[in-house]
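Okay, so here's the structure we're looking at.
Letters A, B, ... mirror the listed sequences (proteins, then strands); counts begin at 1.
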Amino acid sequence: MNPRYLPLLATIAIFILAYALCYSQYPNMLSTRVVGNLLTDNAYLGIAAIGMTFVILTGGIDLSIGSVIAFTGVFIAVLLANTSMHPLSVFALALLISTCFGALMGGIIHTLEMPPFIVTLAGMFLARGMAFVLSTESIPITHDFYDTLQDVFFRVPGKGRLTLIGIIMIVTVIVGVVLAHRTRFGSYVYALGGGLPAAKLMGVPVARTTVCVYALSGFMAGLSGIVFSMYTSAGYSLAAVGVELDAIAAVVIGGTLLTGGSGFMIGTLIGVLIMGLIQTYIIFDGTLSSWWTKIVIGGLLFTFILLQRGLVWVTSRARI
Amino acid sequence: NAQTIGFSQIGSESGWRAAETTLTRQQAKDRGIDLKFADAQQKQENQIKALRSFIAQGVDAILLAPVVATGWDQVLEEAKEAEIPVILLDRTVDAPDSLYMTAVTSDLVHEGRVAGEWLAAEVAGKDCKIVELQGTTGSSPAIDRKNGFEQGIADHSNLSIIRSQTGDFTRTKGKEVMESFLKAENGGKDICALYAHNDDMAVGAIQAIKEAGLKPGSDILVVSIDAVPDIFLAMAAGEANATVELTPNMAGPAFDVLEAFAKDGTLPPKWIQTESRLYTAADDPMAVYELKKSLGY
Amino acid sequence: MMNRLHPALRRILPQLITLVVVLGCNVLVFPDFFKIEMSNGRLYGSIIDILNRGAPVALLAIGMTLVIATKGIDLSVGAVMAICGAVAAAAVAGGSDVATAVVLALCAGIVCGLWNGFLVAVLNIQPIVATLILMVAGRGVAQLITEGVILTFTNEGLIFLGSGSLMALPMPFLIWLGFGVMTAIVVRKTALGLLIEAVGINLRASTLSGVRGNVLIVAVYAISGLCAATAGIIVAADIKGADANNAGLWLELDAILAVVIGGTSLLGGRFTLAGSLIGAMIIQSINTGILLSGFPPEFNLIIKAFIILVILIIQSPIVQSVLFAMRMPPDLSNDDAEPVEGGSARDRDASAQKEGMAP
Amino acid sequence: MLLQGRNITKNFPGALALDAVDFNLLPGEVHALLGENGAGKSTLVKCLTGAYRRDSGAIFLDNQPINPRSTLEAQDLGIGTVYQEVNLLPNLTVAENLFLGRQPRRLGLVSTRRMNAGAREILSGYGLKIDVSRELSSYSIAIQQIIAIARAVDLSGKVLILDEPTASLDATEVQMLFSIIRRLRDDGLGIIFISHFLDQVFEICDALTVLRNGRLVGTSKLADTSRLKLVNMMLGRSLEEEIHKEKDRTASVDPVQLQFKNFGRSGHIKAFDLDIRKREIVGVAGLLGSGRTETAEILFGAIGHDSGEALAEGKPLRLTSPRAAVAQGFAFCPEDRKRDGIVADLSVRENIILALQGQRGWLRALSKSEQTAIADGYIASLDIRTPDCEKPVGQLSGGNQQKVILARWLATNPRFLILDEPTRGIDVGAHAEIIRFIEALCDEGMSLLVISSELEELVDYSQRVIVLRDRAHVAELTGDAITTTNIIRAIASDGHEDKVSA
Ligand SMILES: Nc1ncnc2c1ncn2[C@@H]1O[C@H](COP(=O)(O)OP(=O)(O)OP(=O)(O)O)[C@@H](O)[C@H]1O
Ligand SMILES: Nc1ncnc2c1ncn2[C@@H]1O[C@H](COP(=O)(O)OP(=O)(O)OP(=O)(O)O)[C@@H](O)[C@H]1O
Ligand SMILES: [Mg+2]
Ligand SMILES: [Mg+2]
């Protein structure tokens, strides 16, 4: 077997193992309801994490996504509350803005050769600041179209629901997989992560790829913001604080290297589900105090990473 | 058979909230309720997840301290569908009131108004320039307490807010921002009163005022909200003047309601307002401090 | 003129210029900005406030600089601050004296740092995630110590560290200055600095050259933990209480920002402690300026974002090389060479050092 | 005229790398570009292909002015290039490296199956049967080099540029490469060939251009040039003697300095016995991937051994890490200098003292003046071309980087030096000097293990040659048995272990 798939397989194996453990303790956790919730509740994170995966694959990072999610939500809510625009055209506008925002950051990163960490940190401040300027209060969204969208779901046996936003996330993952592994753009993304000088010498269009990757991440953050606004029917400038760190954690748990150039989109999906599983487990348990919640989340995170490393290490040794 | 009740708490960002959590746990224990506690770490999305998990587990009732007013319709509907009563604690939501059983809250705007009215009465017609320490930008207590206070002083043209900046509800920021207020307003000589959206910021600001060589409580009047123990210490030392209580015991009334409902199906009113009591130096601060100290603040 | 500057000074010249510009802007929004007066035996003024309030970020930036130089990053410093503040507060609340409390807190910080270093160097976990674990769990530990409340204390000795003053200067300022100078001396007068840089640029090559790369990495995280502990003590002492929920919240981002504004590349290698300290002061000047300006708080973040962007643009390699080319003979602009390839830090081949040494 | 560069000038801060250089390449010609280390060959190539922006000058392709601003444009114009350091992407698969930017597509999506098939087909032309869906980094540098060549050849519609392509290849691969070059030449391509192996130049090239210190020294037909004249042109002086002094082949009588008994690691290298005497030079020969590098790494502790022991003068040695090995007086110049050798952003001075400082520990810092003295000493004695010792080593030319790494280890004054492909990319003048230098060190008591793909070189100075096949030591040649033919025979024979000696 090709060793590059090892981290991915390890992640999947650990996820299945963890789910089995949860199930043995709380049989309810295998109900379609919980599985459906897992998809719905983590849709916004999954979508953002897919965008983040592309950025991380190039060796970059995008800290702005949480703020962009909040901004998009507020933007949509403000427009829907104050104009008669149809939500779909508002969505298009929001996606346009977030994509351009990402592209702008990508452009700055490339032309001014500044570290992505800092450029996107400034972007994070800026997007959240813009959200504040639009409205500090949270604005409810009461458009009929939203109700229609929220009523789109498939009931699965056992009271579970596959909601629209869950479906959007799955579609995003599929698109992400195709884009990363089956297009030239995808190979350029991996190439950038392999080393900038070599990528340049091999004729990778560095400028275009960098800008596109951050634009893509901006687009995904915008989409995630739309999904988030459907999820909460509101726009709130303090929403989604720290989502970027959750997304990074999900991407890395999914087996992607932060130094770039190595990782899989499916891994990110699993990473997101693992994060969701940890939370669900803690809620099902329901006995932890606020502080123990944090400690246990940290501990489980550590366990997952350790198990994954261990599994990769053991199997790669077994091969020789 | 014991009831299982899920409690989705916002987080543990302040002493007040820790006290609310402690009291809720205590009450549940006393009544033999199995409390499922979920800390959302200040994130609405985590609260929604928690609610969904509670529903999936089939709890008997849900207590929700919503981090923000909007965005609950969908998940509350799911709860309703599953016939699980939901009671809101300490803040309300924008959803139709058919979706929840009742809300046990104080009135945030009212709290601000009480503080403002106290100050207006205290200065009694003298000119007074006020600096304001806001809570976290965008959070509902910050918005409502600001509005309430402005309403409270609206009829008094001698009162005016000259500076207003966020102190993020924390002592450190409260102190830092107060330092800059003092610098900016002629070393503090122009400031007559401080209004802080919570006691922690006030406690920080009091230190800043002292370090600048002024006397909090007399050179600069200090009024704040929450009534946490530490502000009573300051009050006893004459460094703070007034605070408006936000009681951390929201769960008590909520459990009462649930018990009544379980017994004979009585439905409570849609809003159970807790008292917003004003404490001043006249209320024997040390005694209150001793009383409150053990409540888990 | 430039030629006569000391090379170390020349390196941090852009940062110094930026600091002066930011301070200049502050004067624009608040004319009394530079006013300093003596009251109660201590200096009092906005500048002093900056030096004082900038202490936590400055301290964090010292440790963060070393960590970043080894190509790492430490997201846990905020949480470590909370832990150590809580430890110190709990110690004095439990009746120990200042010295014991401080030593305990510093030890807690070092233990946290060793844990991070262990994850990074021994278990080979990527720094951002390794320290993310402590970032999440650490605040929980701090809350566990304080049980979620603000643990207030009245120990004068401890309070002195946060709000006392010595020779008319605030203690926090003296502490970070002393810490910075000491670290700079240790790092530059021994071979530590060189070895850290070598490890940060090429861990494999350094290890093959007999440098104890992993030990160094553990050491820099421990130093970072120590710095965070000091910052945590100061913050707790400042408000006479340990606030586990909020102490150091999001300060890790400010610290990283300070390091980058200070001119150290996030890709590791060459570092400058003086630059990072100036960077911390730049950030605090921005914050103080915003507070003094009286703008409504909704605009705080936007103002900050724009100022950061402007600073970074001024300091970006391209703009620098243009500026320097205008002012200097070419042989001096040594470190910003080739626009197409070479020169810039981003071009460095990261892949080469991706994996450490296989044992 | 196929490819023409006129008046090309390139200035680096502190170094004029190219000074108005003219260069002409005819179709159907293999044109050698020669010069000492740091003469500007690589820089010229990078200017011609758009990897560097030239300061002035003009480039013509088929007499049309071109101005490639990136290597992508050069590729689109039909110029395929192998740059000096293997510049491929270690994290991509072999197939992706070969087809990056031009993957076969079906319905707009990359067809991995067709790409892999294509890659296998291309590589089979080079006698390479490897799993193309593996990451490039899982293959040795030599295989990577072949892949880089294959990619460039595939991209070159008109011009193929090879910057030291043979540096880590052995004789068979070189012959294979040459046959490909001949075929392309016959197809009318123009080929630029950069190498420090003059034998190879004389074997394959038609014309040559010599650079020295960034200036053009001359261009001529190869047929009109003698070897002596060529060296003269390159160095600006004549190399005193290129005659090989006859090596003293009598087996060393010096005491055994190091003993490795049953030393090895499963999965990496089969356990072997090895004795090394004082003042002895032991050569290691073998095919690509035969485990030469791994032998070196295991001796140095870079890979831990799981069997056997090491003894020095009868006492056991702890060789668990490079650091432990350095403490025992070991030194190791690695093969992949970019990845394992240089610390690119540090200065020449800091790179040279790195191992010494590592050995002394962080507390006993060398003062700046001591550092400068050491660095300047080696810059002079190894003739490292750099404006001063403060230049970042990443900006030196490849050969000079190699010398810096050698200097780093010599500075520790080792008793046992392991050199993996030490003369890779080093020019003739320096080559001779380095060998002389090494021999002088050996005379002072150091022993040496040299891995080299250049059998002549091994034969020249080794007193003993170990031959490896399939990660096992299969033969040991001593005395007069050390000849290229014997080595090749030992490599090729699949018989049981044999000891050949005189
Ligand atoms: N990025 C760079 N920055 C500064 N100087 C450089 C850079 N690249 C090359 N040089 C300098 O340019 C000169 C020519 O280097 P070049 O790499 O072209 O030499 P070369 O002829 O290829 O040598 P070698 O045979 O060792 O590969 C050298 O003096 C080198 O130090
Ligand atoms: N022809 C080959 N086919 C498959 N794998 C190979 C081949 N050659 C080398 N490798 C891989 O490359 C690795 C490198 O081996 P090693 O570096 O020890 O060889 P070497 O004798 O030093 O050869 P080189 O001259 O390439 O350095 C081996 O572990 C092997 O996995
Ligand atoms: Mg070269
Ligand atoms: Mg080798």
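Residue contact with chain A, scored on non-hydrogen atoms closer than 4.5 Å, involves the side chain of D:Q75 exclusively. Both the backbone and the side chain of D:S133 come within contact range of chain A, judged by heavy atoms closer than 4.5 Å. At a 4.5 Å heavy-atom cutoff, the contact between D:L92 and chain A is made by side-chain atoms alone. Contacts of D:N97 with chain A are made by both backbone and side-chain atoms, with heavy-atom separations under 4.5 Å.
Contacts with chain A were tallied for D:L88, D:T81, D:T112; D:L88 has the most, counting heavy-atom pairs under 4.5 Å. Note: D:T93 leads D:T93, D:L155, D:T49, D:D131 in heavy-atom pairs under 4.5 Å with chain A.
The distance from the OG1 atom of A:T183 to the CD atom of D:Q103 is 8.5 Å, given to the nearest 0.5 Å. We find the OG-CZ distance between A:S187 and D:R102 to be 11.5 Å, quoted to the nearest 0.5 Å. For the atom pair OH (D:Y83) and CE (A:M202), the distance works out to 11.0 Å, reported to the nearest 0.5 Å.
Of all heavy-atom pairs spanning D:L89 and A:G195, the tightest one is CD2-O, 3.8 Å. In terms of heavy atoms, D:P90 sits closest to A:G194 at CD-O, 3.9 Å.
Here the side chain of A:R184 pairs no donor or acceptor atom with the backbone of D:V110 at under 3.5 angstrom. A donor-acceptor contact shorter than 3.5 Å links the side chain of D:T71 to the backbone of A:K200. Judged by distance alone, with hydrogens and angles left aside, the side-chain atoms of D:N91 form a donor-acceptor pair with the main-chain N or O of A:Y190 at under 3.5 Å.
Contact check for D:L72 versus A:V204: no side-chain heavy atoms found under the 4.5 Å cut-off.
Crowding of D:D470 atom CG: a count of heavy atoms from other residues, nucleotides or ligands under 6.0 Å not exceeding 12.
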